[in-house]
Amino acid sequence: MNLRDTHVALADFVTAHFPFGEIRRAQLDLRHRGLFSHNAVRPAPLFPGHYLPPVTPDVSQPSVDKAAVAQVLRDIALLLQLQGESGYRVRAYDMGADRIAGLPQELGPLVAEGRLESLPGIGPALAEKISELVTTGRLGYYEELKAKFPAGLLELVKLPDIGPKKVAVLWRELDVGSVEDLERACREGRVRQLRGFGEKSEAKILEGIAVFRRARGERKLLGEVMPVAEALLEQVKASPGVVRASLGGSVRRRAETVADVDIIASAPDPGPVLDALANAPGVATVLGKGGSKCSVRMIQGDLQVDLRVLPDEDYATALHHFTGSRAHHIRLRNLGHERGLKISEWGVHREDGTKVTVSDEAALYSLLDMQYVPPELREDNGEFEAAREGTLPQDLVTLEDVQGAVHAHSTWSDGKHSLEEMARAAQALGLKYLTVTEHSQAAIYAGGMKVEDLKRQWDEIDRINAAIPEVRLLKGIEVDILEDGALDYPDSVLEQLELVIGSIHVRHGMDEEQMTRRLLTALDNPHLHILGHPTGRLIQNREPYPVRMEEILERAAERGVTIEVNGKPARLDIKAEYVRQAVKLGVRLVVSCDAHRQEDLRNLAYAVATARRGWARKSDVLNTLPADRFLAALRARR
DNA sequence: GCCGTTTTCGGCCCGACTGTTTTCAGTCG
């Protein structure tokens with residue numbers, strides 16, 4: 001293992017050993033102490049002058065991906081607003097950004113074949129600009145626009161309660177061009193002199209700057225936010241008079257990362273419900289509270305939570321409205337419009353103004369002659385077409401379908417809890433089996449198991465299985481896929497195991513050709529049952545390694561290899577888009593927890609969410625089967 | 001800037017909340 005590998009392995013090690021909520025704090029902490037640099041988790045130079053190559057992918061070949069194009073379009077929208085352009089023109093760029101960011105396919109072919117304008121919301125002007133950006137790597141129009149304003153101005157709109165209009169005034173009147181300028185202007189009492197600003201605005205801006213510096217406007221991992229959100233939802237549900245309550249927004253859609261938490265509740269009197277959130281444990285600040293809304297910021301992670309309380313007759317339409325996504329809504333409202341129905345958060349109204357009773361979300365969809373669309377699918381990625389044809393899958397996998405937890409470590413390698421403790425935790429969750437898959441010998445940094453230790457572990461597994469008959473521990477391994485695609489144990493060992501997960505942990509820096517060959521070789525190995533975290537990404541921390549994923553999925557289908565949907569919040573690997581491709585190709589899946597401690601068994605929920613976002617049904621997911629049938633299915637290799 | 005079995009021109013989602021205002025503008029979702 002060379003130096004670079006050590007660093008990649010270290011990144012994995014850090015994420016494995018800090019509970020997900022602590023990862024970023026740990027990084028920030030280390031960063032402040034000068035041990036880690038800005039983005040990747042990697043050590044500082046060992047001694048002065050010693051240069052460590054970055055672990056992030058090679059950027060020598062410029063490539064403009066969907067996310068980058070969407071970002072440029074969003075920046076243009078902002079800059080146009082600063083310039084005082086028409087709001088509709090601004091919105092066109094914003095909607096274009098949404099459309100591009102949400103594309104299931106890659107941009108390259110669309111540009112090459114001139115099919116950009118076939119996308120709704122993309123007209124001639126946007127198509128031309130996107131083409132220029134994708135083919136040349138830059139966009140003249142954007143450069144010109146940017147040159148008119150100081151670079152720090154775009155940062156300013158990320159501050160709470162500061163939008164383009166206020167930024168424009170601050171810049172024009174006070175020459176404020178950055179967060180630092182704004183902070184100085186507030187401290188010197190110059191902002192309060194502007195029309196539309198006052199003393200309170202100054203104080204709020206300063207507070208906002210402090211929060212911004214702490215959180216850097218980052219989105220948080222779903223798994224980091226979910227426990228806080230669910231606890232608050234329970235508080236709301238328990239408050240006086242509540243009829244119904246639910247999480248909304250991107251949390252309810254189970255997006256990979258979320259910016260904040262929405263809660264929607266119905267009650268005859270909103271007051272006590274709003275108070276319940278304002279007074280909930282863990283609340284740092286009440287940002288605002290009115291007759292029907294309350295916003296708070298939590299101590300944990302500067303997370304913002306918004307609660308809305310309405311009469312129960314408006315609950316279903318409000319819940320639907322605040323679940324989103326924006327793109328899904330636009331389509332839904334258009335469909336309503338075709339039927340003479342006006343759909344808004346306040347309900348469904350006929351053209352004559354009379355209100356249509358909508359008791360729940362299912363009723364809303366049936367009004368439009370379509371199947372119910374589960375929240376995870378509401379992205380305008382084909383769910384409308386399917387739901388109108390009646391071909392939307394109705395049996396998406398659920399957490400209750402899952403019979404066994406896949407991918408668990410114990411103190412035999414780098415886990416925190418013993419095998420027995422893991423088995424007890426699985427039993428408490430009602431799981432029927434748990435696959436024990438420690439690291440293999442090459443994973444020295446993670447206490448990978450030597451071949452000679454396996455026998456002793458199997459003896460222990462036999463003892464625990466006898467003692468806890470409700471949960472069956474399955475004898476497996478998470479074997480390293482070596483640089484040449486070979487597995488880290490000889491065949492004679494692999495064939496004694498009940499199941500084999502193969503994963504890449506080192507040498508992430510290979511190019512696309514090498515990495516694709518490495519994985520294809522592993523898939524051809526008849527002893528491999530499951531390909532673990534196939535793209536190696538760590539959300540907001542490490543890019544996936546370069547690999548031709550479609551080829552991998554096709555080979556997996558051909559060879560009967562099962563693909564892992566890893567539920568660790570920082571991984572979610574493979575991601576939902578690939579799940580959808582895999583399902584189309586007939587690839588079989590497992591939802592996994594990648595557990596390194598008892599609590600991690602709950603990661604199964606995030607794996608299930610990712611599978612659902614990729615339209616996976618119960619029948620696509622092997623660990624919905626009882627243990628014997630699960631093993632038989634895994635081992636049916638081709 | 002985009003879009004059209006109402007339209008190639010004239011629409012485009014809109015209400016709550018806050019802080020600034022004496023009736024409203026900006027931001028947010």
Side-chain angles (χ1 to χ4, degrees), chain A residues 73 76-78 80-99 116-130 141 156-170 191-205 207-208 248-253 258-264 270 274 286-296 304-310 314 317-349 351:
Chain A
L73 295 179
I76 291 177
L78 263 177
L80 290 174
Q81 267 178 294
L82 289 177
Q83 228 175 232
E85 294 281 344
S86 134
Y88 296 117
R89 196 166 165 221
V90 169
R91 219 179 57 158
Y93 278 94
D94 248 337
M95 306 264 280
D98 278 354
R99 177 59 56 184
L116 279 174
E117 282 188 57
S118 67
L119 300 170
I122 308 290
L126 263 73
E128 195 188 324
K129 292 186 175 75
I130 295 167
Y141 178 74
L156 285 177
V157 295
K158 293 182 189 163
L159 296 171
D161 300 315
I162 301 288
K165 296 265 172 61
K166 284 187 179 171
V167 170
V169 171
L170 289 164
V191 170
R192 70 182 68 178
Q193 293 160 11
L194 295 174
R195 187 177 171 76
F197 293 84
E199 267 183 67
K200 279 194 176 173
S201 329
E202 255 177 11
K204 249 188 134 166
I205 289 171
E207 196 195 323
S250 48
V251 174
R252 184 162 180 242
R253 300 200 312 277
V258 298
D260 56 21
V261 173
D262 292 289
I263 304 176
I264 296 89
L274 298 171
V286 177
L287 298 168
K289 187 151 91 68
S292 67
K293 273 181 66 170
C294 177
S295 295
V296 301
Q304 183 173 329
V305 180
D306 299 327
L307 167 68
R308 288 173 182 79
V309 186
L310 330 87
D314 291 328
T317 44
L319 174 61
H320 188 271
H321 176 84
F322 290 111
T323 297
S325 64
R326 197 148 69 113
H328 183 85
H329 267 285
I330 291 170
R331 281 291 296 278
L332 195 86
R333 287 178 181 195
N334 287 342
L335 283 180
H337 193 69
E338 286 173 16
R339 285 166 173 69
L341 297 170
K342 184 173 176 287
I343 301 169
S344 77
E345 65 186 282
W346 295 116
V348 180
H349 293 85
E351 276 165 350

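Chain naming here is simple, since letters A, B, ... match the order of the sequence lines and numbering starts at 1 in each. Bear in mind that the values here come from a model prediction, so they are computed numbers and not experimental data.
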If the [atom1] atom of [N] is compared with that of [M], how far apart are they to the nearest Å?
{"N": "dG1(B)", "M": "dT5(B)", "atom1": "P", "result": "23 Å"}
{"N": "dT18(B)", "M": "dT23(B)", "atom1": "C1'", "result": "15 Å"}
{"N": "dG15(B)", "M": "dG10(B)", "atom1": "P", "result": "25 Å"}
{"N": "dT21(B)", "M": "dA16(B)", "atom1": "P", "result": "24 Å"}
{"N": "dT6(B)", "M": "dC2(B)", "atom1": "P", "result": "23 Å"}
{"N": "dC17(B)", "M": "dC9(B)", "atom1": "C1'", "result": "36 Å"}
{"N": "dG4(B)", "M": "dT8(B)", "atom1": "P", "result": "13 Å"}
{"N": "dC13(B)", "M": "dG29(B)", "atom1": "C1'", "result": "12 Å"}

Inset, instruction - Check DNA chain B against residues 327-341 of chain A and give the residues with a non-hydrogen atom under 4.0 Å, in numerical order. - result: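 Within residues 327-341 of chain A, the residues near DNA chain B are Arg333(A), His337(A).
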Touch check for [X], heavy atoms < 4.0 angstrom, all strands: base, sugar-phosphate only, or nothing?
{"X": "Ser201(A)", "answer": "sugar-phosphate"}
{"X": "Glu199(A)", "answer": "sugar-phosphate"}
{"X": "Leu159(A)", "answer": "sugar-phosphate"}
{"X": "Ser292(A)", "answer": "sugar-phosphate"}
{"X": "Gly96(A)", "answer": "nothing"}

Legend entry - Leu310(A) versus Ala318(A), closest heavy-atom pair with distance: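 For Leu310(A) versus Ala318(A), the nearest heavy atoms are CD2-CB, 3.5 Å.
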Inset, instruction - Would you confirm whether His329(A), through its side chain, and His320(A), through its main-chain N or O, come within 3.5 Å as a donor-acceptor pair? - result: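 Yes: the side chain of His329(A) pairs with the backbone of His320(A).
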Within this structure, what is the [atom1]-[atom2] distance for the pair [X] and [Y], rounded to the nearest 0.5 Å?
{"X": "Leu78(A)", "Y": "Lys158(A)", "atom1": "CG", "atom2": "NZ", "value": "9.5 Å"}
{"X": "Lys165(A)", "Y": "Gln81(A)", "atom1": "NZ", "atom2": "CD", "value": "7.0 Å"}
{"X": "Leu319(A)", "Y": "Arg252(A)", "atom1": "CG", "atom2": "CZ", "value": "4.0 Å"}
{"X": "Thr317(A)", "Y": "His349(A)", "atom1": "OG1", "atom2": "NE2", "value": "8.5 Å"}
{"X": "Ile122(A)", "Y": "Leu73(A)", "atom1": "CD1", "atom2": "CG", "value": "7.0 Å"}
{"X": "Lys289(A)", "Y": "Leu307(A)", "atom1": "NZ", "atom2": "CG", "value": "10.0 Å"}

Legend entry - Watson-Crick or G-U counterpart of dG15(B), or none if no pair lies under 3.5 Å: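 Base-paired to dC28(B).
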Inset, instruction - Answer whether the closest heavy-atom distance between the side chains of Asp306(A) and Phe322(A) falls below 4.5 Å. - result: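 Answer no - side chains too far apart.
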Inset, instruction - Specify the residue among Arg91(A) and Gly288(A) whose closest nucleotide of DNA chain B lies further upstream toward the 5′ end. - result: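 Here Arg91(A) is the residue nearer the 5' end.
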Inset, instruction - Please tell me which of His321(A) and Asp306(A) maps to the more 5' nucleotide of DNA chain B, matching each residue to the nucleotide holding its nearest heavy atom. - result: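 This one resolves to His321(A).
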Inset, instruction - Mind telling me whether Tyr93(A) and Tyr141(A) have parallel, tilted or perpendicular rings, with 30° and 60° as the class edges? - result: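 Parallel.
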Inset, instruction - Under 4.0 Å from any heavy atom of chain A: name the first and the last nucleotide of DNA chain B that qualifies, 5' to 3'. - result: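 For DNA chain B, the relevant span reads dG1(B) to dG29(B).
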